[in-house]
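Residue numbers start from 1 in every chain, and the chains themselves are labelled A, B, ... in the order their sequence lines are given, proteins ahead of strands.
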There are 2 protein chains.
Amino acid sequence: MSPLIESFVRHFGEMGNRWGINRTVGQMYAYIVLSEAPVNADELSAELSVSRSNVSMGLKELQSWNLVRLQHIAGDRKDYFTAPEDVWEIARTLLNERRKREIDPTLTVMRELLMDKPTDTSERYAQSRIEDMYKLIEMMTHWSDEIQRLSPKQLARMLKLGAGVSKLLS
Amino acid sequence: MSPLIESFVRHFGEMGNRWGINRTVGQMYAYIVLSEAPVNADELSAELSVSRSNVSMGLKELQSWNLVRLQHIAGDRKDYFTAPEDVWEIARTLLNERRKREIDPTLTVMRELLMDKPTDTSERYAQSRIEDMYKLIEMMTHWSDEIQRLSPKQLARMLKLGAGVSKLLS
DNA sequence: ATGCATTTTCACTAATTACTGAAATTACAG
DNA sequence: CTGTAATTTCAGTAATTAGTGAAAATGCAT
């Protein structure tokens with residue numbers, strides 16, 4: 001593996017680590033993203049010096065996150081994987097999956113807790129805090145939903161606009 | 001601790017876990033956020049059944065993340081902590097801290113890798129992928145920077161607008 | 001300075017998470 | 001079907017991360 005690719009793969013593994021994605025899976029994904037040709041499990045196992053079984057687990061995880069596409073190559077029995085060519089699609093998938101795992105369950109719990117009648121002052125205060133958080137998170141996710149419908153071009157335009165939005169608003 | 005508060009604290013601990021924040025620290029923060037009065041280490045230790053030393057570590061971590069304010073109460077030698085009253089401020093801090101830890105180092109690495117001259121086709125392809133990612137991430141962080149300057153009111157207005165932005169743009 | 005309350009540090013243990021190799025399963029060509 | 005390549009599962013082990021208690025350090029009132 002070329003040094004350039006290796007540095008990126010290494011770094012991505014470290015980062016994955018901080019994101020709750022395990023190091024090996026992070027490395028695997030970095031490798032797949034940077035590969036023009038579809039990649040198979042043996043290649044990952046060899047290039048990243050990771051056991052074949054570990055690669056299998058990792059691929060399963062990447063598939064469950066919808067981050068890779070499985071494809072077959074004619075005359076070859078192996079499974080090959082690629083990452084989407086559009087990085088914005090990758091980002092979108094990542095954001096959605098994280099939200100499903102990290103935000104939605106929290107909203108559900110909060111919604112339930114807000115239904116309870118407060119029994120004392122401390123509960124009343126706690127609920128008001130939870131409500132504030134709930135509203136903020138709900139606004140943000142709702143907004144993110146809508147943003148995702150934008151085409152890459154519209155998105156780029158909006159991002160460039162930046163805080164200019166505030167001018168448009170006023 | 002009342003059941004309502006306890007459920008929230010428990011859940012937040014679990015979630016913190018998925019975010020790379022450790023469970024106990026997550027619980028501690030949830031407890032502080034829901035407390036109207038400033039909280040001291042002994043209270044946390046007692047309410048969450050966690051060793052006093054562990055609380056000390058956790059508070060240090062929360063302070064390093066700028067998520068709590070230390071304050072003293074007259075006639076009391078203990079350190080007391082509170083969370084900011086504005087939830088948007090908490091969110092902003094959280095986003096910034098995560099970015100500092102998770103995004104910025106990646107951008108630095110990518111920038112460096114993009115300076116290298118590609119030595120073969122695979123490196124050329126890898127660089128083009130890295131460049132795509134770099135541009136996307138840079139746009140998003142730049143945009144997030146500017147959004148953070150909005151007042152809570154402007155923010156609410158923008159969030160409500162949602163995809164309506166696209167109409168404004170065209 | 002001395003003594004006491006509080007906080008921090010740190011070596012150790014507990015718990016969790018990641019990884020492996022061997023065995024089992026699947027899936028396809030002949 | 002049968003044989004073989006490929007993949008998956010899983011029990012065991014390694015590595016990492018979290019949590020504790022005891023001891024050290026800090027800081028303040030007297």
Flag yes if more than 12 heavy atoms outside B/R10 fall under 6.0 Å of its CZ atom; otherwise flag no.
no
Gap between atoms CD and P, on A/E61 and C/dA18 respectively (whole Å)
8 Å
Quick one: A/D79 CG to D/dA5 P, roughly how many Å, whole number?
16 Å
Heavy-atom count check: over 12 atoms from other residues, nucleotides or ligands less than 6.0 Å from A/W65 CH2?
yes
From OH of A/Y80 across to C1' of D/dA5 the rounded distance in Å is 12 Å
Rounded to the nearest Å, what distance is computed from the CE atom of residue B/M57 to the P atom of nucleotide C/dT6?
20 Å
Kindly say whether A/T119 contributes a backbone atom to a donor-acceptor pair with the side chain of A/E123 at under 3.5 angstrom?
yes
Heavy-atom donor-acceptor pair, A/S51 side-chain to C/dG21 base, under 3.5 Å
no
Measuring to OP1 and OP2 of C/dT7, would you say a side-chain N or O of B/R52 lies under 4.0 angstrom away?
yes
Determine whether a donor-acceptor pair (N or O, by modelled atom type, separation under 3.5 Å) exists between the side chain of A/Y31 and the backbone of A/L48.
no
From CG of A/N54 over to C1' of D/dA14, roughly how many Å is that when rounded to an integer?
12 Å
Atom CG of B/L59 to atom C1' of D/dG19: distance rounded to whole Å?
15 Å
Of C/dA22, D/dA6, C/dT9, the nucleotide closest to the side chain of A/S53 is C/dA22
Does A/M140 offer a backbone N or O that forms a donor-acceptor pair with the side chain of A/S144 under 3.5 Å?
no
May I have the distance from B/D76 (atom CG) to C/dT7 (atom C1'), rounded to whole angstrom?
14 Å
Any side-chain N or O of A/K60 under 4.0 Å from OP1/OP2 of D/dT7?
no
A/K78 has an atom NZ; how far is it from atom P of C/dA27, in whole Å?
17 Å
Quick check: are there more than 12 heavy atoms from other residues, nucleotides or ligands sitting under 6.0 Å from CH2 of B/W19?
no
Does any residue of residues 17-50 of chain A have a heavy atom under 4.0 Å from DNA chain D, and if so, which ones, in number order?
none
B/S45 and side-chain contact (heavy atoms from CB on, under 4.5 Å): which partner among B/N40, B/N54, B/V55?
B/V55
Distances under 3.5 Å between protein N/O atoms and the N/O atoms of nucleotides 28-30 of chain C, please, pair by pair.
none

Going hydrophobic residue to hydrophobic residue with side-chain gaps under 4.5 angstrom, can you get from A/L113 over to B/F12?
yes
Is the backbone N or O of B/E85 less than 3.5 Å from a side-chain atom of A/R129, with the two atoms forming a donor-acceptor pair by type?
yes
